Amino acid sequence: MTRSGLRAAVVVGGGPSGLTAAVALASAGLQVALVARAAPADNRTSALLASSVAALETLGVWDDCRAHAAPLATLRIVDATQRLWRAPEARFEAHEIGLDAFAWNVENRHLVAALDARAAALPNLHRILEDAAAVESGPASVTVRTTGGATIEAQLAVGADGRNSLCRNAAGIAVDHRDYPQVALTYNVSHSRPHRNISTEFHTEHGPFTTVPLPGDRSGIVCVVSPSDAGHLQSLSGEPLDRELERRSHSILGKITAEPGHGTFPLAMETARRFAAERIALVGEAAHRFPPIGAQGLNLGLRDAAAIAEIAADYRDDPGQPDATDRYDRERRADVMSRSIGVDLMNRSLLSDLLPMQGLRGIGLHLLNTVGPLRRAMMREGVMPRAAQPRLMRGEAL
Ligand SMILES: Cc1cc2nc3c(=O)[nH]c(=O)nc-3n(C[C@H](O)[C@H](O)[C@H](O)COP(=O)(O)OP(=O)(O)OC[C@H]3O[C@@H](n4cnc5c(N)ncnc54)[C@H](O)[C@@H]3O)c2cc1C
């Protein structure tokens, strides 16, 4: 068993949130250990808001992503339900709030590769390519034992170990959990018509079918369906799958050719009751899990990473002390709670068979479409949340 000296922070988990947290903490000059195997293959794409891109630029990561990212200049929401009360189409243009794009969409594999490369280049970031087997919190430090038998001791542990977080259990933090009767299937496709940097959400009775631009004539597709429909779609490949995806996208992208492989994600909403306790701070899906509506999940995860790095730098003598973890809990709560309430309402209004709920949703979208100041305020809040802009998200180095 190896035993290293006391570090400022140990990050557990090498998905995009954990890698960003590790790179941000190390960029702030702290001694950091990262306990993470290579992230498993992930065919998803992430629409990253301007503030997330600013943070990745500041951390020296975005240069490797830029060529793989496509701007989302226009967002369309189309009511594709067969219901009596159908909402009018809502259309949002980034130039209305003075931006070139609401977000840049990049395949997770390119984002993770860029983060991996940056992590490897930082001399004060030591990566152990193993899983954490045990996490134990004490009065002055947290101890992480890896599956290979190494022991790491740090003042702060950052739990970025996803939905079944070992770190969250070690901190004794409970989660509020709600399952949805929905599964998201993800595909990457090429198509015969250009996407013109438009992302379209077709809202169906079972959830949204969303096309998100990638560079060239390619797009990511997130198809939220009932579990039985998911079974049907998963049984398709080749021409029948291409035709089905073209039908569900109302042929807006012309002829579709699906690339090999797809992802399957049963949907749920999960929120940790606290975001930090016992010298352990939770980031990303260890802290919150959302249905893929409005591209919130990873953008929140990157804000978590930026916030914990900023707070750790402010309390660099002991980044795991209660004042630091209490501040992290306070700062992240408002941001995460407001997004989760919004996404949950949006998703449940789609699934609801109640006419009043469908009516309210239609009126809401109609108001957004027709009342310019309301639409612009909503767009600004979606892209640049006022309540939660850690320094890195404003492009300031720590
Ligand atoms: C269909 C879909 C589409 C989405 N689209 C978007 C989007 O457009 N924009 C957006 O912002 N968000 C989006 N999201 C959300 C986003 O994908 C997630 O928020 C993000 O992937 C979470 O990253 P993470 O690093 O927190 O978790 P994960 O990616 O789950 O990473 C956790 C990591 O921890 C590792 N791990 C687990 N246990 C241990 C252990 N004991 N020791 C060490 N490591 C461990 C795992 O192997 C994994 O690598 C989408 C989600 C879905 C389902």
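All residue numbers refer to positions in the sequence shown, counting from 1. Atoms within each ligand, like the ligands themselves, are counted from 1 in listed order. No experiment lies behind these values; they were computed from the predicted model shown.
- Each of the following atoms of ligand 1 lies closer than 4.0 Å to a heavy atom of Ser17: 23 (O), 24 (P), 25 (O), 26 (O).
- At the shortest separation from atom 46 (C) of ligand 1 among protein heavy atoms lies Pro40 CD, 4.8 Å.
- The N/O atoms of Ala47, backbone and side chain alike, include one that comes under 3.5 Å of an N/O atom in ligand 1.
- Annotation: Asp100, atom CG; neighbour count of heavy atoms from other residues, nucleotides and ligands within 6.0 Å does not exceed 12.
- Residue contacts with ligand 1, taken as heavy atom pairs separated by less than 4.0 Å, do not involve Asn164 at all.
- For the residue pair Asp131 and Thr147, no side-chain donor N or O sits within less than 3.5 Å of a side-chain acceptor on the partner.
- Proximity to Thr186 (heavy-atom distance under 4.0 Å) selects the following atoms of ligand 1: 1 (C).
- Under a 4.0 Å criterion applied to the non-hydrogen atoms of Val35, ligand 1 contributes the atoms 43 (C).
- Any N or O atom pair closer than 3.5 Å counts here, and Glu285 shares at least one such pair with ligand 1.
- An N or O contact shorter than 3.5 Å links Ala132 to ligand 1 by distance.
- Screening Val32, Leu122, Val61 for a side chain to side chain contact (heavy atoms under 4.5 Å, CB included) involving Ser27 leaves a single residue, Leu122.
- Look at Asp64 and Arg118 and you find no salt bridge, because none of the NZ, NE, NH1 or NH2 atoms lies under 4.0 Å from a carboxylate O.
- Under 4.0 Å is where a charged nitrogen must lie from a carboxylate oxygen, and between Glu244 and Arg247 at least one such pair does.
- Those atoms of ligand 1 that come under 4.0 Å of a heavy atom in Val12, given as number and element, are 42 (N), 43 (C).
- In this structure, atom 31 (O) of ligand 1 lies nearest to the protein heavy atom Gly15 CA, 3.5 Å.
- Residues Leu267 and Pro292 form a side-chain contact, since some pair of their non-hydrogen atoms from C-beta on lies under 4.5 Å apart.
- Below 4.0 Å from some heavy atom of Gly162 lie the following atoms of ligand 1, by number and element: 32 (C).
- Of all protein heavy atoms, the one closest to atom 35 (C) of ligand 1 is Gly13 CA, 4.0 Å.
- For atom 37 (C) of ligand 1, the nearest non-hydrogen atom of the protein is Asp161 O, 3.3 Å.
- Environment of CG in Asp179: crowded, with over 12 heavy atoms of neighbouring residues, nucleotides or ligands closer than 6.0 Å.
- Annotation: side chain of Ile252 is not in contact with side chain of Ile198 (no heavy-atom distance under 4.5 Å).
- Using a 4.5 Å cut-off on side-chain heavy atoms (C-beta onward), His288 and Asp335 make no contact.
- Classified by interplanar angle (parallel below 30°, tilted 30° to 60°, perpendicular above 60°), the ring pair Phe202/His250 is parallel.
- Residue Glu136 qualifies as open at atom CD: its count of foreign heavy atoms under 6.0 Å is 12 or below.
- Contact annotation for Thr45 and ligand 1: only backbone heavy atoms (N, CA, C, O) come within less than 4.0 Å of the ligand.
- Arg303 has its side chain within reach of Arg332: a pair of non-hydrogen atoms, C-beta onward, lies under 4.5 Å apart.
- Residue Asn299 has at least one nitrogen or oxygen atom sitting less than 3.5 Å from a nitrogen or oxygen atom of ligand 1, judged on distance alone.
- Atoms of ligand 1 found under 4.0 Å from any heavy atom of Gly297 (numbered from 1 in listed order, with element): 10 (C), 11 (O), 12 (N), 15 (C), 19 (O).
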Could you walk me through whether Thr74 and Glu93 pass the side chain to side chain donor-acceptor pair (under 3.5 Å) test, one step at a time? CA-CA 5 Å; Thr74 304; Glu93 305 280 353; 2.8 Å; yes

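- Here's the thing with Ala36: none of its N/O atoms is less than 3.5 angstrom from an N/O atom of ligand 1.
- Contacts of Ala160 with ligand 1, taken as heavy-atom pairs under 4.0 Å, involve the backbone alone.
- The local environment of CZ in Arg394 is crowded, with over 12 non-hydrogen atoms from other residues, nucleotides or ligands closer than 6.0 Å.
- Nearest protein neighbour of atom 43 (C) of ligand 1, counting heavy atoms only, is Asp131 OD1, 3.3 Å.
- In this structure, atom 29 (O) of ligand 1 lies nearest to the protein heavy atom Pro16 CD, 3.7 Å.
- At a heavy-atom distance under 4.0 Å, only side-chain atoms of Pro292, from C-beta outward, approach ligand 1.
- Look at Ser46 and you'll find a heavy atom under 4.0 Å from some atom of ligand 1.
- In this structure, atom 39 (C) of ligand 1 has a protein heavy-atom contact shorter than 4.0 Å.
- Heavy-atom proximity to Gly284, at under 4.0 Å, picks out these atoms of ligand 1: 26 (O).
- Look at Arg333 and Asp329 and you find a salt bridge, because one of the NZ, NE, NH1 or NH2 atoms lies within 4.0 Å of a carboxylate O, short of that distance.
- Scanning all protein heavy atoms for the shortest distance to atom 13 (C) of ligand 1 gives Leu298 N, 4.1 Å.
- At least one N or O atom of Arg44 sits closer than 3.5 Å to an N or O atom of ligand 1.
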